[in-house]
Amino acid sequence: MDIALIVAQWSGRLPPGFVPPPVLDEPLPTCAQRRCSKPVWIKPDRTLAKSCRSCLDRRAASCRRRRRHFVQLGGCRRCAYRPRAEGDYLCARCREDRDAEREQSRRDNRDAAVIDEFAAQPERVHTPSNLDRGVSPWNARPKPQPSAAYWSPLPDPEPREEREWARSIHDTGWRLSRS
């Protein structure tokens, strides 16, 4: 994977040399809200939204008001719908989610610290040994020693004369005879 693309994904910016898709001369679609006929909003990444900018702002403000109302009635400050735990500003589910996110963040930070520490170590040449292949004095097998059976030929399982399957019944051997 390209390092510029990874950095762009991580930072949330477009990679260098990115060419946005061409804007065609077709008219923009209209807003999806019922009483609005304005053209839709073009997002920063050049894709089309479903609604116009003013309708999106109005709906976001409405959502914020609704959430603020539910929080005032005793809802969770994170999700706004479930009741808060006693003496807390989060519901039980949001508290578990937040604790899991924090634990994951701690783990990521710890992993990043280990990687940084490893990267800061000076380069050293690895000298290969038998330990690389999993062989050590404690699990090494003894070297194989050739026995007498290694040097002696194996006995023929059946005499050649009795191997009738090796000769064709149609071949009489006439080519080998001198006449």
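- Of all non-hydrogen atoms in C31 and C55, the two that sit nearest each other are SG-SG, 3.7 Å.
- Salt-bridge check for R53 with D57: passed, with a basic side-chain N closer than 4.0 Å to an acidic carboxylate O.
- Taking each heavy atom of R106 and E103 in turn, the nearest pair found is NH1-OE1, 3.0 Å.
- The heavy-atom pair separating C79 from R67 by the smallest distance is O-NH1, 3.5 Å.
- For the residue pair S105 and D108, no side-chain donor N or O sits within less than 3.5 Å of a side-chain acceptor on the partner.
- Under a 3.5 Å cut-off, the side chain of D132 and the backbone N or O of S129 do form a donor-acceptor pair.
- Of all heavy-atom pairs spanning R84 and Y89, the tightest one is CD-CA, 3.3 Å.
- Applying the salt bridge (charged side-chain N to carboxylate O under 4.0 Å, His left out) test to E117 and every residue at least two apart in sequence or in another chain returns nothing.
- Here the shortest heavy-atom pairing between K43 and L48 reads CE-O, 4.1 Å.
- Within the 4.5 Å cutoff, the side chain of L28 has heavy atoms near those of the I42 side chain.
- Shown here for A49 and L56, the closest heavy-atom pair between the two residues is CB-CD1, 4.2 Å.
- Listed by chain and number, the residues in a salt bridge (charged side-chain N to carboxylate O under 4.0 Å, His left out) with R141 amount to none (sequence neighbours excluded).
- Side-chain atoms of D99 never come within 3.5 Å of backbone atoms of E96 as a donor-acceptor pair (strictly under, hydrogens ignored).
- Classification of E101 and R78 as a salt-bridged pair holds, one side-chain N sitting under 4.0 Å from a carboxylate O.
- For CZ of R93, the number of neighbouring non-hydrogen atoms (other residues, nucleotides, ligands) closer than 6.0 Å is 12 at most.
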